[in-house]
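As the structure lists them, so they are numbered: ligands from 1, and atoms in each ligand from 1. Scope of the values below: all heavy atoms of this structure, side chains included, with no hydrogens, waters or symmetry mates.
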Amino acid sequence: MKTYSKPAHFEHNLIVIGAGSGGLVSAYIAAAVKAKVTLIEKHKMGGDCLNTGCVPSKALIRSARFLATQKRAQEFGFKSASAEFDFADIMERVQNVVKKVEPHDSIERYTELGVHVIEGAATIKSPYEVEVNGEILTTKNIIIASGARPFVPPIEGLKALDYLTSDNLWDLRKLPKRLLVLGGGPIGCELSQCFARFGSKVTIVEMAPRLMIREDEDVVDLVTEKFIAEGIDVKANHKAVAFRENNGVKEMVAEFEGEEVIIEFDQVLVAVGRAANTTGFGLEDLDIELSPRRTIQTNDFLQTNYKNIYAVGDVVGPYQFTHTAAHQAWYAAVNALFGRFKKFKVDYSVIPFATFTDPEVGRVGLNELDAKAQNIAYDVTTYGLDDLDRAIADSEAHGFVKVLTVPGKDKILGATIVGDHAGDLIAEFVSAMKQGAGLNQILGTIHIYPTWNEANKYAAGNWKKGQVKAWQMKWLARFHGWMR
Ligand SMILES: Cc1cc2nc3c(=O)[nH]c(=O)nc-3n(C[C@H](O)[C@H](O)[C@H](O)COP(=O)(O)OP(=O)(O)OC[C@H]3O[C@@H](n4cnc5c(N)ncnc54)[C@H](O)[C@@H]3O)c2cc1C
């Protein structure tokens with residue numbers, strides 16, 4: 001590691017590089033505690049989440065869902081329903097949604113909050129100096145929140161194609177007739193379903209044995225069944241090996257069980273993961289350490305190998321979510337500004353996330369795959385949403401709540417919900433785990449009838465029933481016999 005001379009005085013307490021979720025929250029916290037903070041953004045305020053990630057994808061999902069519901073008109077008691085649409089209008093709606101959310105992340109808002117915002121590309125010159133627009137700013141601390149970008153795998157012929165990623169997809173105004181989606185993770189799955197619902201013939205190709213490989217098999221099975229029912233061609237266990245054009249027809253060559261499979265398509269969306277943005281802004285010159293996954297290596301306090309340079313969000317991982325970037329931002333900002341008094345280790349013990357497919361998948365903590373991989377003993381309790389009154393009323397009675405607990409104890413290890421509103425429903429388990437509450441507390445809490453939330457209570461009820469021993473039931477029956 002190089003050594004650098006430290007200025008006697010600093011213009012800033014903190015400089016934050018990147019105004020995505022991680023950078024915005026870091027700067028917000030610093031300004032809230034009256035630190036002098038500058039936030040530097042080279043592209044668009046709000047980063048990926050606002051411009052090319054969460055916000056546009058959720059807006060697109062909503063429009064696609066409208067169409068899917070309309071196609072089920074008879075299930076809801078209508079003779080028929082139709083929806084005429086122009087895909088360009090749908091994409092314009094998506095942009096309008098982004099514009100409506102934009103003020104939340106705007107320069108005006110952050111300036112009002114006390115953050116000095118600079119538009120420009122930042123380069124770290126030394127642990128105490130950041131260059132932007134030809135000017136050198138001195139700072140006691142730096143937070144790197146430079147995010148990630150779609151990873152484009154080095155597959156023969158792919159670069160030569162006009163491929164789509166989550167970066168440029170939002171410029172589409174014409175619906176692809178045949179869309180090939182490379183990657184069956186959350187982004188690939190969410191977008192596959194949207195495009196299929198709008199009428200593209202979608203093929204989703206995944207190298208692993210199934211979609212959403214980090215989720216339990218019974219969870220993924222429900223999502224896959226729905227995809228297939230909606231006409232998506234799900235090709236798991238298929239490894240893309242080459243792309244080519246044959247007489248003007250685009251083709252992908254894949255390997256499946258040792259055989260060559262050819263898949264024709266009009267456009268391809270590459271969604272195989274996201275690579276951290278770690279080059280071109282000084283990290284190499286400073287020898288900032290990277291992890292084997294090519295993310296910035298930090299310690300538990302989110303410090304890089306320079307004690308005053310921190311990193312948060314997608315550029316660090318291990319999670320790549322807006323809310324985890326924001327969570328890390330608190331630790332990095334507080335450790336940077338108050339670390340001389342007390343430093344906090346980032347807490348990854350209760351991390352929730354959701355995949356906004358239909359059915360939705362919401363998760364917190366361990367699932368069965370994790371528990372098995374980590375050799376953690378667990379009990380499983382499930383509650384089927386086909387039994388839930390509100391789900392039946394909504395004609396969405398499918399899916400389940402699955403809770404993992406420590407055997408014989410009221411301690412939640414994790415929960416997965418697959419079904420409508422799963423991303424919202426999981427919040428009760430997130431709170432319970434965070435507050436150290438168990439299923440007894442969920443069971444003892446009044447849930448409004450008829451709501452989807454009741455599913456959590458019924459899952460807790462199933463767990464409770466499972467805790468009762470056979471001899472206790474026998475004894476109770478005998479007791480009531482005596483009482484008659
Ligand atoms: C299609 C899609 C859907 C998603 N859906 C969800 C979801 O539903 N829920 C969820 O939680 N997450 C979702 N995500 C993930 C989420 O968008 C990211 O986890 C989040 O944006 C990470 O925030 P960040 O601050 O780390 O990085 P980013 O948002 O990428 O921000 C980094 C910023 O740094 C800037 N920058 C980089 N280098 C420099 C430099 N040298 N100088 C100045 N500026 C620089 C970039 O321009 C960028 O604006 C989704 C992502 C995608 C792609």
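Defined by atom type and a distance below 3.5 Å, a donor-acceptor pair is missing between the side-chain atoms of E41 and H43. There is a side-chain donor-acceptor pair under 3.5 Å between E428 and H447. When only modelled atom types and interatomic distance are considered, D167 and T165 share no side-chain donor-acceptor pair under 3.5 Å. W170 and N51 are not linked by any side-chain donor-acceptor pair at a separation below 3.5 angstrom, with hydrogens and angles left out of the test.
Remark: ligand 1 atoms within the under-4.0 Å shell around heavy atoms of S21 are 20 (C), 21 (O), 23 (O), 25 (O). Contact atoms of ligand 1 toward F356: 8 (O) (distance under 4.0 Å to a heavy atom of the residue). The distance from ligand 1 to the heavy atoms of G313 drops below 4.0 Å at these ligand atoms: 26 (O).
A salt bridge links R363 with D370: the distance from a Lys NZ or Arg NE/NH1/NH2 to an Asp or Glu carboxylate oxygen falls below 4.0 Å. Using a cutoff of 4.0 Å between basic side-chain nitrogens and carboxylate oxygens, E206 and K235 are not scored as salt-bridged.
Among all non-hydrogen protein atoms, the one lying nearest atom 49 (O) of ligand 1 is E41 OE1, 2.7 Å. Nearest non-hydrogen protein atom to atom 14 (N) of ligand 1 is C54 SG, 3.7 Å. In this structure, atom 42 (N) of ligand 1 lies nearest to the protein heavy atom A122 N, 2.9 Å. Here the heavy atom of the protein found nearest to atom 15 (C) of ligand 1 is Q320 O, 3.6 Å. Regarding atom 19 (O) of ligand 1, its nearest protein heavy-atom neighbour is D314 OD1, 2.9 Å.
For atom 52 (C) of ligand 1, the nearest non-hydrogen atom from the set G53, S166, A145 comes from G53. Taking only non-hydrogen atoms, the option from D48, N51, V55 nearest to atom 29 (O) of ligand 1 is D48.
In terms of heavy atoms, I29 sits closest to A333 at CG2-CB, 3.9 Å.
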